[in-house]
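Okay, so here's the structure we're looking at.
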Amino acid sequence: MIRTPLRPLARILPARDTGENPDVIERENIRQRHEDMRDKARARAESRLFFMAVVFLGLFVTVGARMALLAVSEPMEPRAATSGSSITTQRADIVDRKGRILATNLETHSLYAQPQAMIDKERVAQELVAIFPDLDEERLVRDFTGKRKFLWVKKKISPEQRQAVHDIGDPGLLFGPREMRLYPNGRLAAHVMGGASFGKEDVHAAEVIGVAGVESYFDDVLRDPANGGKALTLSLDLTVQDATERVLYGGMKLLNAKGAAAVLMDVHTGEILALASLPDFDPNDRPRPPTEGNPSDSPLFNRAVQGLYELGSTFKIFTAAQAMELGLASPSTLIKTAGPLRWGKFKIRDFHNYGPQLTLTKVIVKSSNIGTARMAQVIGAKRQQDFLRDLGFFDPTPVEIVEAKGAQPLLPKNWSELSAMTVSYGHGLSSSPLHLAAGYAAVANGGKRVIPTLLMRDTPQEGPRVMSEASSREARQMLRKVVTEGTASFGEVPGYAVGGKTGTADKPKERGGGYYEDKVIATFASIFPAHDPKYVLIVTLDEPVETSGAKPRRTAGWTAVPVAAEMIGRVAPLLGLRPEVEPGRLADITLTSN
């Protein structure tokens with residue numbers, strides 16, 4: 001900035017020449033300088049005042065708008081987790097294929113105590129036990145009167161229990177917000193759901209984590225905030241699941257069985273429409289895992305997925321299908337069935353004497369162990385292993401349940417010719433009912449392997465081909481004849497053309513080796529409609545006994561088959577299948593000369 005001098009020589013010298021006083025010029029310059037300084041200060045002050053006015057006006061408009069928005073909005077309770085909490089409480093719902101709720105969240109409260117703030121600790125303990133009978137009064141008194149400054153009383157309580165605790169009126173009893181997992185259908189599909197529990201928690205929030213079933217398998221997906229709370233859609237159909245469990249429970253009780261399992265699956269997509277295991281449990285009040293005894297006796301044990309059983313004669317159709325696929329036999333090929341069949345010191349016998357020979361179809365219809373074993377000898381152990389491996393019997397099924405990865409089939413240590421013979425009719429290899437469902441789906445759908453899934457699919461699976469269409473068609477016809485002419489005559493359901501194979505396997509002893517003489521695993525593996533299969537149903541009963549006759553009957557034809565037939569009659573209409581007349585065989589035309 002150029003500063004103007006107060007006594008400029010250009011004006012002072014001429015003023016002296018004319019007799020003017022130079023001091024007047026100086027005073028005039030001082031006055032002008034002060035006026036300039038005053039004008040600049042005023043302009044600066046005016047600009048600052050204007051800026052402050054604009055800022056305050058903006059703040060007042062913002063506050064007014066927020067107050068107006070709050071005035072017209074609905075009241076809302078605060079969330080359980082504070083903005084600064086590291087605990088994620090959000091968990092997505094689980095629904096069935098039609099959008100019906102299988103698992104959801106419920107806002108509730110926890111109850112905790114601060115003993116140092118209590119007034120009458122003994123009375124509080126007594127009142128709490130009256131509200132929660134599972135609590136120990138002596139332990140509560142000991143905790144309240146000890147050195148502890150904080151303890152959980154109950155991790156989740158109902159609104160009625162919260163009001164009752166509130167009525168105690170002691171300042172040392174406090175409530176914390178909680179979001180608990182709720183299964184509104186109770187025991188229905190319990191082994192699929194699995195259950196949930198609390199993970200990290202504090203008095204303001206608690207995270208819900210899956211502990212079993214799909215809750216554990218999809219735990220990260222269900223808890224991921226990036227999914228925006230989008231529900232997980234399963235392939236289950238709630239009404240079909242309910243009908244399956246009701247029939248299975250009734251059959252288990254009527255036939256005095258120790259346990260039961262059922263799997264209903266789409267043969268083309270691999271979708272599991274129903275999966276049941278009995279006895280079951282309520283995931284809302286999941287019991288503790290057993291610490292002793294046989295784990296399979298626990299209601300937590302999933303017999304349909306975790307249960308590994310010798311599934312008996314249900315395996316015979318795989319032997320027949322492979323023999324036809326390899327060109328070693330046709331449905332009309334005659335096979336020796338005279339017995340017993342000797343292999344070293346071992347003997348293989350049939351349940352009845354079926355004569356010296358049977359066609360391959362009759363071997364399946366009559367369920368001849370000897371005939372099946374002879375076909376296994378022709379096939380060979382190596383080729384048999386390859387075929388069963390292609391069907392999925394060598395690995396756990398990759399279904400979306402956390403327990404499935406531990407269900408590794410039990411295979412013969414030395415797969416000899418004798419092993420091949422016994423495996424051909426379902427002995428010496430233990431697998432789950434879900435493995436069997438996947439194997440029968442390949443037989444039913446035209447020969448393509450299907451991987452079971454609990455997620456809904458819109459299109460069929462295009463798995464690797466394990467047998468030709470022709471072999472699949474001939475095998476389906478054999479399964480149909482098992483129902484119309486063979487061991488599964490009680491499996492006929494008018495209008496639905498059921499096909500299937502029975503399997504009755506002696507139950508192995510838990511200790512000492514060998515088999516029980518009066519305990520079996522009875523299984524019926526079925527497909528329907530047999531002429532155009534859409535579904536496969538596996539029903540397995542553990543130690544069933546049918547007692548209506550003079551002697552107890554344990555075979556699958558008397559136990560598992562009637563249960564499966566009743567189940568098909570219930571669920572087929574729910575699946576949209578209408579009863580129809582089974583297409584008959586075209587009449588043979590013989591050319592003759594005249």
Side-chain angles (χ1 to χ4, degrees), residues 80 89 91-96 100-112 128-137 139-140 151-165 175-201 205-219 222-223 232 234 236 238 241-242 245-246 248-249 252 259-261 275-293 295-306 401-403:
T89 60
R91 190 173 184 85
D93 291 346
I94 301 177
V95 299
D96 80 338
R100 291 169 291 203
I101 294 291
L102 296 172
T104 187
N105 302 323
L106 176 67
E107 292 185 2
T108 182
H109 289 83
S110 62
L111 173 62
Y112 62 96
L128 287 176
V129 171
I131 300 171
F132 307 104
D134 59 318
L135 296 179
D136 186 345
E137 183 176 349
R139 181 173 180 179
L140 285 177
L151 71 144
W152 291 108
V153 179
K154 297 290 287 186
K155 294 295 183 71
K156 52 186 178 181
I157 60 177
S158 67
E160 294 80 6
Q161 291 170 333
R162 180 172 182 264
Q163 183 60 46
V165 173
F175 305 100
R178 280 290 181 273
E179 195 170 73
M180 61 172 285
R181 200 62 163 165
L182 176 68
Y183 303 91
N185 304 296
R187 295 174 175 268
L188 194 61
H191 289 90
V192 177
M193 295 295 102
S197 182
F198 291 121
K200 293 189 298 183
E201 57 183 334
E207 65 178 358
V208 180
I209 59 174
V211 297
V214 296
E215 288 276 26
S216 178
Y217 190 93
F218 292 105
D219 189 57
L222 293 169
R223 295 169 57 197
L232 175 66
L234 300 184
L236 295 183
L238 199 60
Q241 178 75 27
D242 181 63
E245 290 191 17
R246 286 176 181 270
L248 188 66
Y249 179 81
M252 183 182 75
L275 188 148
S277 175
L278 296 175
D280 58 6
F281 61 96
D282 187 348
N284 293 300
D285 188 20
R286 182 179 170 87
R288 293 180 179 274
T291 57
E292 57 184 16
S296 64
D297 293 336
S298 169
L300 297 176
F301 187 77
N302 189 340
R303 294 172 178 269
V305 176
Q306 294 174 276
I401 293 182
V402 70
E403 294 84 358

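Throughout, numbering of the chain's residues begins at 1 and tracks the sequence.
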- Task: Give the C-alpha distance, both sets of side-chain angles, the deciding distance and a yes or no for side chain to side chain contact (heavy atoms under 4.5 Å, CB included) between Phe198 and Val208.
- Result: CA-CA 5 Å; Phe198 291 121; Val208 180; 4.2 Å; yes

If I compare all heavy atoms of [X] with all of [Y], which pair ends up nearest, and what's the gap?
X      : Y      : answer
Ala92  : Arg181 : O-NH2, 2.7 Å
Pro299 : Pro287 : CG-CG, 4.5 Å
Leu236 : Val192 : CD1-CG1, 3.8 Å
Ala212 : Glu403 : CB-OE2, 3.2 Å
Val165 : Phe132 : CG2-CE1, 3.8 Å
Pro283 : Gly194 : CB-O, 4.3 Å

- Message: For a side chain to side chain contact (heavy atoms under 4.5 Å, CB included) check, start with the C-alpha distance between Ile131 and Ile157, then their side-chain angles and the critical distance, and finish with the verdict.
- Response: CA-CA 10 Å; Ile131 300 171; Ile157 60 177; over 6 Å; no

Whether [X] side chain and [Y] backbone form a donor-acceptor pair below 3.5 Å:
X      : Y      : result
Glu215 : Ile209 : no
His191 : Phe301 : yes
Thr104 : Leu182 : no

With sequence neighbours excluded, tell me which residues meet salt bridge (charged side-chain N to carboxylate O under 4.0 Å, His left out) with [X].
X      : answer
Asp219 : Arg91, Arg223
Arg162 : none
Arg100 : Asp96, Asp237
Asp134 : Lys154

- Item | Partner residues of Arg303 under the side chain to side chain donor-acceptor pair (under 3.5 Å) criterion, sequence neighbours left out |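 So Arg303 forms a side chain to side chain donor-acceptor pair (under 3.5 Å) with Asp542.
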
- Item | Chi angles and distances behind the side chain to side chain contact (heavy atoms under 4.5 Å, CB included) call for Val214, Leu222 | CA-CA 10 Å; Val214 296; Leu222 293 169; over 6 Å; no

Measure the spacing between [atom1] of [X] and [atom2] of [Y] and express it to the nearest 0.5 Å.
X      : Y      : atom1 : atom2 : answer
Leu248 : Leu278 : CG    : CG    : 4.5 Å
Asn284 : Leu106 : CG    : CG    : 9.5 Å
Ser216 : Met193 : OG    : CE    : 12.5 Å
Met180 : Ser158 : CE    : OG    : 10.0 Å
Asn185 : Leu238 : CG    : CG    : 4.5 Å
Phe175 : Leu111 : CZ    : CG    : 6.0 Å

- Answer whether the closest heavy-atom distance between the side chains of Lys156 and Arg178 falls below 4.5 Å.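 No - every pair of side-chain heavy atoms lies 4.5 Å or more apart.
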
- Side-chain contact, heavy-atom cut-off 4.5 Å: Leu151 with Tyr112?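 In short, these two side chains do not touch, never coming nearer than 4.5 Å.
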
- Query: Could you walk me through whether Val95 and Ile101 pass the side chain to side chain contact (heavy atoms under 4.5 Å, CB included) check?
  - Reply: CA-CA 5 Å; Val95 299; Ile101 294 291; 3.8 Å; yes

- Mind checking side chain to side chain contact (heavy atoms under 4.5 Å, CB included) for Arg187 and listing every partner two or more places apart, or none if nothing turns up?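 Applying side chain to side chain contact (heavy atoms under 4.5 Å, CB included) to Arg187 gives Asp280, Asp282.
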
